[in-house]
Every structure is written in structure tokens, then in C-alpha cells.
Protein chains: 2
Amino acid sequence: MQKRDAKSELIHVGMELFSTQGYNATGIGAVLKKAGIPKGSFYHHFRSKEEFGLAVIEEFATRFLARLDVFLSDEQTSPLNRLKIFFEKGLERLADHECTVGCLIGDLGQELAARDGQLRNRLDAILLSWRERFAACIREAQQSGELEKSLDPHRTAGFILSGWEGAVLSAKVRKSPQPVREFLDILFATVLRKP
Amino acid sequence: MQKRDAKSELIHVGMELFSTQGYNATGIGAVLKKAGIPKGSFYHHFRSKEEFGLAVIEEFATRFLARLDVFLSDEQTSPLNRLKIFFEKGLERLADHECTVGCLIGDLGQELAARDGQLRNRLDAILLSWRERFAACIREAQQSGELEKSLDPHRTAGFILSGWEGAVLSAKVRKSPQPVREFLDILFATVLRKP
DNA sequence: CAGCAAGAGTAGACCGGTCGGTCTATGGAG
DNA sequence: CTCCATAGACCGACCGGTCTACTCTTGCTG
């Protein structure tokens with residue numbers, strides 16, 4: 001396994017710790033210790049904890065988007081099934097991690113909602129861009145007859161996304177993937193029911 | 001206006017600050033300062049920050065339950081409309097607070113999900129009890145013909161609750177009540193559609 | 001009724017630890 | 001030599017909690 005450079009290692013560890021503990025409960029001391037990198041290096045690469053946080057969420061969002069692309073651009077699969085498979089995979093990963101890791105963007109969004117800094121603005125923008133992706137897939141599903149034309153793609157995408165975030169939150173609190181299981185079952189049986 | 005006793009004042013301020021800033025980002029120093037109560041009094045009433053946190057969520061849950069009761073027990077209103085009115089009122093209050101205050105239980109649940117202490121367990125139990133309340137109302141709506149008999153009341157209640165938490169989270173990140181508006185519209189047009 | 005004792009409650013200085021950030025020194029690469 | 005990167009001691013502030021001192025209230029006894 002190739003050794004990462006210091007900056008990447010910090011970001012990687014940041015993703016891990018922010019995902020499990022949250023932003024405020026994670027001091028940079030813990031990040032440094034886990035990454036085995038001294039403080040001077042940290043402040044050479046990042047001017048502040050906030051700038052570090054931004055780098056972490058950018059990395060996470062990039063990876064998430066890459067994964068979203070793999071699933072939502074799969075032309076061998078019908079649009080509605082792309083959505084379904086994407087979320088089912090998400091459920092699998094949640095269960096594999098024993099519900100300790102949710103969605104970093106949603107988690108940090110909640111935790112940092114009261115702040116006015118760059119972090120919250122960036123999180124908001126990321127959530128909106130994801131929503132656009134889902135909306136595009138919903139539009140495709142409508143064009144192929146899988147979903148009713150009366151559904152508003154943007155609003156429905158927002159519904160799905162926030163519903164997903166809420167279900168993941170519940171799974172983390174309950175330490176069980178069941179809330180996500182139930183969310184998906186009902187979502188595809190009602191909102192995303194085939195005509 | 002009647003002056004509260006010290007303990008109640010602390011709990012009240014705790015609800016306020018935890019709701020806007022979160023648990024970890026709120027030091028007890030800030031609570032004490034805002035309440036105008038010295039530290040010795042704090043530790044006389046609460047053995048620790050965690051015990052204080054428990055008292056705060058119990059107070060919040062009690063108030064929330066009382067409000068839930070007012071709406072869900074209103075026999076002048078049909079069961080489905082009770083749900084609708086309850087959430088519409090919730091949306092109003094969210095907008096009145098300019099999306100700075102969400103649902104304390106959901107927020108703390110997310111923030112403290114990684115912990116093993118009493119706080120997370122209590123939060124989990126509260127969410128489950130709320131789910132039972134919603135399930136009972138859904139059952140009533142089914143019996144009165146407002147909802148399809150094929151809906152599972154428990155699962156549907158869980159769906160609604162986690163969807164609501166996710167929508168409120170989005171509203172806070174976006175600083176707009178729109179996600180909740182959209183959540184409610186779609187929920188009542190699809191999942192809770194009348195037969 | 002007055003005085004006393006015990007318990008409840010208030011008050012804030014103090015403690016060790018952690019926090020995010022600063023700064024000086026050093027080493028390595030080009 | 002210069003620039004980039006590493007290294008870690010140090011700083012003031014804040015953290016949750018401890019502890020001693022003091023005040024107030026209540027109940028009991030003489």
C-alpha cells in the first residue's frame with residue numbers, strides 16, 4: 001500500500017474522525033496523533049481548522065460524486081433502478097460499518113448549521129448539487145415511463161435526499177440499519193411507485 | 001413574569017443553547033453566564049454535563065409530547081388532518097425562528113450518535129416513543145378510511161419521523177423552510193394520499 | 001417564642017487537561 | 001542558496017469538574 005503525502009493523510013484521517021465523532025468533538029490533536037503528523041506540518045498545509053474542514057468535505061464530496069456517477073450513469077440499467085441500486089449499496093455500507101458512519105455532509109450540515117462560516121455555505125452548495133443529480137435521474141425515469149410525469153423532479157429529489165439523511169440519522173441513533181431499510185421500502189412503494 | 005428557580009433556569013437556557021449551537025459546542029460556562037447562575041449551583045443540581053444534558057432533553061421531550069398530544073388527540077379533527085396540522089404548525093415555528101432551531105432530539109441524536117452514554121440511549125428511546133404516537137394516529141386514520149389499510153403504521157410512522165428530521169436538517173443548512181414545505185407536500189400527496 | 005442544627009442552595013477560586021493557533025528551528029530537495 | 005516541508009515547544013483561552021466557604025431555610029427542642 002502506497003504511503004500518502006502528509007496533506008492527503010491528514011484529509012483522510014479527518015474524513016474518518018469527522019464521520020464518526022463530528023467536527024466539534026474532534027480536536028486537531030486527535031487528527032495529528034492518528035495521522036502521525038506534527039502540528040507544524042498541519043498549519044503549513046491549512047491555515048485553520050475551518051480550512052482543514054473545507055478540504056475534508058471537498059474530498060468527501062468528490063468521492064461521493066464519483067460514486068454517484070458510477071451508479072446514476074449506468075446505461076445498462078433503467079433510471080429508476082439506478083436510484084434503487086445506489087441506495088441499496090448505501091444501505092449495505094451503512095450496515096458494514098455497524099451504523100457508526102453516516103453521510104459526512106449531512107452530519108456536518110446539521111452540526112454546523114448555526115455557523116455563518118464558509119463551511120456551512122459549502123455544505124449547502126454540495127447538497128444542492130447532489131439534488132440536481134438526483135433530479136436529472138428522476139427526469140430520465142419519467143421520460144422512460146418509469147415514474148409519473150406529475151412528479152416535480154427537483155422537489156422529489158429534495159424529498160429523497162432529506163429523507164435519506166433523516167433515515168441515516170435514525171440508523172445511527174438506533175445503531176441499526178432498519179430505519180434506512182424502511183425508508184427505502186416505503187419510498188419505492190409510494191413516492192417512486194411505477195405507474 | 002415569574003422568576004424561575006435556578007435549576008429550571010439552567011434547563012431552560014440549556015434547551016436554548018443546545019438547540020442553536022449543539023451540545024459539544026456549548027460549554028457550561030456559556031450556560032451559566034446566560035442564566036446568571038454560578039458554577040457551584042450548577043454542580044449542586046447536576047453531577048455532570050451529561051446529567052444536565054439528560055435533564056434538558058427530558059424537559060424538551062415532555063414539552064414536545066404535550067404539544068403532540070394537543071394535536072393528535074383532537075377529536076374534532078380527522079386523524080389524517082391532525083397529522084397535517086401538527087406538521088404545518090411545526091413548519092410555521094421553524095420559519096418564525098428563521099430556521100435556526102430544529103428538533104433538539106434529532107439534532108442531539110446526530111451529534112451524539114457515536115457515544116455510548118446515557119444520552120444517546122435516551123434519545124433513541126424518545127424517538128421510538130414519538131414513533132408510537134404517530135403510528136397510533138395512522139392506525140386511526142386507516143380505521144376511518146383516510147389511509148390505505150396496506151400501510152404498516154409503525155414503518156410509516158418511522159418514515160415520516162426520519163423524513164421530518166431530514167427535512168428540518170436541510171432547512172437549517174439552507175436557512176430556508178422550503179425543504180420542509182416540499183417534504184410535507186410530497187408526503188401528503190404520495191405516502192399519505194387518501195384512497 | 002427563640003435558638004440551634006442540619007440540610008439545601010449559592011458562590012467562585014482553583015485544578016489539570018485540551019483547544020486552536022503561533023513561532024522558531026531544522027532538514028531536505030532542487 | 002532558497003524554498004518547501006517538518007517538528008514540537010509554547011501561548012492564552014476554554015473545558016468540565018472539585019472544593020471550600022458562606023448563606024438561607026426548615027424543623028426540632030427547650
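Atom set for the values below is all heavy atoms of this structure, side chains included, hydrogens, waters and symmetry mates excluded. Labels below follow one simple rule: chain letters A, B, ... track the order of the sequence lines, proteins then strands, and each chain is numbered from 1.
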Report yes if at least one side-chain N or O of His44(B) is closer than 4.0 Å to OP1 or OP2 of dT10(C); otherwise report no.
-> no
Ignoring hydrogens and angles, state whether a donor on the side chain of Glu165(A) or Ser170(B) is under 3.5 Å from an acceptor on the partner side chain.
-> no
Cut-off 3.5 Å, side chains only: do Glu98(B) and Thr100(B) have a donor facing an acceptor?
-> no
Without decimals, in angstroms, what is the distance between [X] [atom1] and [N] [atom2]?
X        : N       : atom1 : atom2 : result
His45(A) : dG21(C) : NE2   : C1'   : 16 Å
Tyr43(A) : dT24(C) : OH    : C1'   : 17 Å
Gln21(A) : dC19(C) : CD    : P     : 10 Å
Asn24(A) : dC15(D) : CG    : P     : 11 Å
Lys33(B) : dG12(C) : NZ    : C1'   : 16 Å
Glu9(B)  : dG9(C)  : CD    : C1'   : 16 Å
Phe42(A) : dC23(C) : CZ    : P     : 17 Å
Leu32(A) : dT6(D)  : CG    : P     : 12 Å

Select one nucleotide: of [options], the one nearest the side-chain heavy atoms of [X].
X        : options                   : value
Ile28(A) : dT10(C), dG20(C), dG16(D) : dG20(C)
Pro38(B) : dG16(D), dT10(C), dG8(D)  : dT10(C)
Lys39(A) : dG12(C), dA5(D), dG20(C)  : dG20(C)

Of Ala30(A) and Gly40(A), the one whose nearest nucleotide on DNA chain C sits closer to the 5' end is Ala30(A)
Would a 4.5 Å heavy-atom cut-off, applied to side chains only, mark Tyr23(A) and Leu119(A) as touching?
-> yes
Would you call Glu182(A) and Arg131(B) a salt bridge, using N to O less than 4.0 angstrom?
-> yes
Would you classify Lys49(A) as touching base, sugar-phosphate or nothing, given that sugar-phosphate means primed atoms plus P, OP1 and OP2, and contacts are heavy atoms under 4.0 Å?
-> sugar-phosphate
Applying side-chain contact (heavy atoms from CB on, under 4.5 Å), run through Phe46(A) and Ile28(A) and close with a yes or a no.
-> CA-CA 11 Å; Phe46(A) 309 102; Ile28(A) 63 170; over 6 Å; no
